[in-house]
Amino acid sequence: MPKQYSPTESESRWYEFWETSGFFAASEEPGDTRQTYTLAIPPPNVTGSLHMGHACRTTFEDVLCRHKRMQGYNTLWVPGIDHAGIATQVVVERQLKQEGLTRYDLGREKFIERVWQWKEESGERILQQLRKMGASCDWPRTKFTMDPEMVRAVREAFVRLYEEGLIYRDTRLVNWDVESQTVLSDLEVEQEENVEGAMFDFAYSLADGGGEVVVSTTRPETMLGDTAVAIHPDDGRYRHLHGKYVRHPFVDRLIPVILDAELVDPEFGTGVVKVTPAHDPNDFATGKRHGLEEINIFNLDGTMNESSGPFQGLDRFDARKAVEIELGNLGLARGSKKHMMTLPRSQRSGTIVEPMISTQWFVKMKPLAAPAIEAVQDGTIQILPPEWSKTYFHWLRNIQDWCISRQLWWGHPIPAWYCEDCEHVTVSREDATACGGCGGPSIRQDDDVLDTWFSSGLWPFSTLGWPEKTVALERFYPTQDMETGYDILFFWVARMIMMGLHFMGEVPFTRVLLAGLVTDERGEKMSKVKGNVVDPLDVIYGATNEQLVAKAEKAGAKNSGIKYLKSTYPDGFAAYGADALRMTLLSYSPQSRRIALSIKRIEGYRNFANKLWNASRYALMRLGGSSTKASQQCPQPKALANRWVLSRLYHALDVAASGLDAYRLDEASGALYHFVWDEFCDWYLELSKPALGSGDATLIEETEATLVHVLETVLRALHPMMPHITEEIWQRVPKWDEAPKSIMISRFPTGLVDAKLDRAAERDFEVVQAFVGSVRTIRAEHDVPRTQAMRIHWHTNDEDKHRVLDAERRTIEALGRCELCFEADPAKLDDPNAHFKNAAVFVNPGIRAAVPDVIDTEKERDRLQRNLKKVEKELGVLEKKLGNPSFVERAPEAVVDKSRRDSLELREKRERLEAALNSL
RNA sequence: GGGCGGGUAGCUCAGCGGUAGAGCGCUGGCUUUACACGCCGGAUGUCGCAGGUUCGACCCCUGUCCCGCCCA
């Protein structure tokens, strides 16, 4: 084994081994009675390339699946990809643009062909990339949301909802994305806050010539669609306007003054409001109340249409300027001032969304939401971290109907046909050939497609074969866990719950695990423009700074982004490996909404992988000449170090098990990390050296058995988190006969079921650790060279401690590079003519020791004073507490007792330290 | 306007009613035959601010100020 672990080659080798061995496959065998564990992947977009978000999802999910698989569950992790309507269409349109074409040049059919072609090229790429992370998906079951079975499921769902009256068509004010030229659901519109805009005032002249009214607006161009001017019915200032009309200055139209208490806040602005029913939600509602005409003034691309008179053809923002100028020319402008406002933007294109009146398909949500609320309320579905349930409830309780039609070409066509001879709309599972109403042949399918999230909502059961009653559906639905980012709680999770309950009559999963979003190490969102995108593959395989910069430049990063990249990662990334990246991502608390990924941290876990590698190298070397193998039984050693390390191992396994169960993967991975590094490597391996070199056959045998047992066990415990390196090592560990051929199909180690904590061993070993620690501190602080042995005179009245120090004398001497001499007469420890000659002293609980002939007086004084200060501070706190009668009375006895004991110990320590200080 | 989350060591973050923790960074020493991607030491915090509850508060409550996100 080389000195350094290099993940690159090893990871792909083992991954291939697992995949070709069929270890990822879930079983549909009729005789298989194992409990199932199912998790459906949040399908990445077909156009996507692996980013940290995917890496994070994949890691968490893979840990859950591998853990369950090792626990003996029939585990199914369903992989798949999403057709991602808008996103994909935009990508392909961009490609076309480079060829100087638009989708209209190709026509719908050719365009869709082109997208499929692109899908074939790029669709598999993201799945290949997930494999690089170690994802143990059941690949042959991969589903694409536009696969024929998925199409069938989508149609079935649509038709059923339509038949149940839950899908309907309606004309209302919708969110229009003028760039993508499609309607958006409310969720796809993001509000950009605190944008500086202008509030523009202008006057409408009264039609009867009797003066004017002044209105304010941030969108002057919309006045071209004004069909009313509203005032508050109780506003005395405008009583004279009741029943009057104003004249539109640009289009030939008389506009009524209406009274509306709901729309108008008399305190705001002039107290007169212009009303544009076709382009503002509040005005739309007002229009409905008053039966106002709705005049659409925009074309679908955001330019002004024929209703906008002289402004026709202008872009909406140019029209704004033009309207202001013209109003000025007519002497109607009344000035403008700065105004902070909120702008609705398309999540996809970023363009400002235009409210427009349009006929679209909607899903009635209230009836679907009610059971979804209940399922979380009654605990059928558990959301973790639990705070998110509040957000979930709030959204579902205030839910609006969902606009599901999109004016795109790429997506599931809406299975509705319009008849040219009658009004009937035919909605059908099969492609319709005749009108379902009049039977006439002149029908035309709806041009629109469905919102991507409509098919995603069916994911947990459509992927298992629904609406067919398949074995998979029967066996694996409902799934157990749904792991995803909180950003799609509404988009996806809530909708899956609603759809699952509606179509399957059962929740789609029983736990929702929400993780934070990965950001850069400053906590800023990763973005191509900022140049702070960390590509998981670069982290896994390594990249030079030049490569990172080149990539960022190609992706369109700004100069500041490039600068950041150059200064933050001047040396680029080493090939840290997937396991290191996985551990890093796992180490962040899922409670946190932000995972500020730090490369230094990845490096730390790369180092951990190397540590594990070398610890194993050591263990395997030591075992080389012996016939000891890892066994399935826990050894029963006698030596303290062996007993101790087993106890600590099982303690760590226990923490890991609860962490895995509670979705605290940070705690689980942390427990194993610290066990391996701080206890197994730093203490146990060092302890094993003198033991294995002792010549004591019994000791050697039990130490070998313990060593290999701990290693083999901790590898299995780490496997879900670091699958590759654990396999690489595990394969080399000598094991029991008929051991499985891969660690991934071995059993996950259980904690305290297998072994009890050995409290006595832990307590005794703490004495050893403290003693060795004190010796090392003295050596370090007094610059005693490592080669110089230190003689240590010690004393204790405590029988237990005496026993331990006697028994572990060799260990301590080896670890501390010292020589221990018990001194029966404690007075000699203070006697400058005996042991206390140029001596350093230390005081551990119940134990005192003097180390003669080593000190530098100044340093020792300094050190003692530092210690003394600490002791006094602690003692002060304790004595204040104990001096408080109500503490002694009211605090639990154990707490009071402990304080008493600690205080006694500290007093003794203070006394010794003072004595030592005085004798310097 | 409403809601949620956060403010703990230089940085990124855990933690929790009983004397403050990790990783990185900083610092001193070490070619210790598993590992310098290492080993052994050391330093570092009025736990945002102000009240309150409690024998005891970083932790619970109230108010307040910042930061972020979501919804309207």
Side-chain angles (χ1 to χ4, degrees), chain A residues 1-6 186-187 190-191 193 281 342 385 387-391 393-395 398 400 486-487 489-490 516-517 519-525 574 576 580 584 587-589 591-622 664 666-667 670 673-674 677-678 681-682 685-686 688-689 772-787 814-817 863 866 870 873-878 880-892 894-896 898-899 902-903 906:
Chain A
M1 291 170 81
K3 262 175 134 175
Q4 271 190 11
Y5 172 65
S6 48
D186 296 342
L187 277 181
E190 292 175 343
Q191 305 297 330
E193 292 181 347
T342 301
E387 301 86 76
W388 286 106
S389 339
K390 283 183 211 162
T391 313
F393 289 138
H394 183 261
W395 187 68
N398 297 288
Q400 301 294 312
Y486 66 78
D487 54 326
L489 179 61
F490 305 146
L517 301 184
T519 66
D520 76 5
E521 42 208 297
R522 301 166 298 185
E524 286 183 31
K525 212 166 172 174
Y576 299 119
T584 309
S587 73
Y588 291 90
S589 166
Q591 318 276 64
S592 152
R593 293 191 174 195
R594 223 178 43 176
I595 294 177
L597 186 72
S598 140
I599 297 296
K600 277 290 179 192
R601 200 145 159 176
I602 301 176
E603 194 175 306
Y605 283 102
R606 184 274 312 260
N607 296 352
F608 175 67
N610 195 238
K611 188 75 181 174
L612 184 63
W613 175 255
N614 276 289
S616 309
R617 206 158 69 92
Y618 164 80
L620 297 176
M621 263 159 49
R622 293 289 168 141
R664 287 306 302 264
D666 56 327
E667 289 179 356
Y673 172 95
H674 285 291
W677 201 313
D678 304 346
C681 289
D682 285 352
L685 294 188
E686 294 309 317
S688 75
K689 290 173 187 173
V772 170
S774 300
V775 173
R776 283 172 172 168
T777 303
I778 285 177
R779 182 183 292 281
E781 300 224 347
H782 289 293
D783 297 326
V784 182
R786 234 178 48 78
T787 46
L815 295 192
R817 301 210 163 233
R863 190 179 75 86
R866 233 168 40 221
K870 212 187 263 172
K873 195 179 151 201
E874 285 173 23
L875 200 56
V877 174
L878 279 176
K880 195 177 151 201
K881 253 183 169 178
L882 288 165
N884 180 350
S886 38
F887 169 71
V888 181
E889 261 169 55
R890 311 183 71 152
V895 174
V896 179
K898 187 172 183 311
S899 302
D902 289 353
S903 137
L906 285 171

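Every value quoted in this text rests on a predicted model; they were computed, and no experiment measured them. Lettering of chains follows the sequences in order, A, B, ..., and the numbering in each one begins at 1.
If you measure from atom OH of A:Y618 to atom P of B:A34, you get 7 Å, rounded to the nearest angstrom. Atoms CZ (A:R786) and C1' (B:G29) sit 11 Å apart, rounded to a whole Å.
Here A:R606 does not reach the OP1 or OP2 of B:C37: none of its side-chain N or O atoms lies under 4.0 Å away. Taking 4.0 angstrom as the limit, A:K3 places none of its side-chain polar atoms (N or O) nearer than this to OP1 or OP2 of B:C37.
Considering only the side chain of A:K611, B:A34 comes nearest among B:A34, B:C37, B:A43. Listed nucleotides B:G42, B:C71, B:C37 differ in distance to A:H394; the shortest reach to its side chain belongs to B:C71. If you check B:U32, B:G5, B:G42 against the side chain of A:K390, the one that comes closest is B:G5.
Using a 4.0 Å heavy-atom criterion, one finds that A:L685 contacts the bases of the nucleic acid, with or without backbone contacts as well. Across all strands shown, A:Q191 has no heavy atoms under 4.0 Å from either base or sugar-phosphate atoms. Across all strands, A:R776 comes closer than 4.0 Å only to sugar-phosphate atoms, never to a base (heavy-atom distances).
Base pairing annotation: B:C39 forms a Watson-Crick or G-U wobble pair with B:G29, both donor-acceptor distances under 3.5 Å. Judged by Watson-Crick or G-U wobble contacts below 3.5 Å, the nucleotide B:G23 has B:C11 as its partner. Pairing for B:G18 goes to B:C55, judged as Watson-Crick or G-U wobble with the two contacts each under 3.5 Å.
Cation-pi geometry between A:K689 and A:Y618 is satisfied (NZ or CZ under 6.0 Å from the ring centre, within 45° of the ring normal).
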Letter by letter from the 5' end, nucleotides 11-26 of chain B scores (B base, S sugar-phosphate only, - none; protein heavy atoms under 4.0 Å) -BSSS--BB--S-SS-

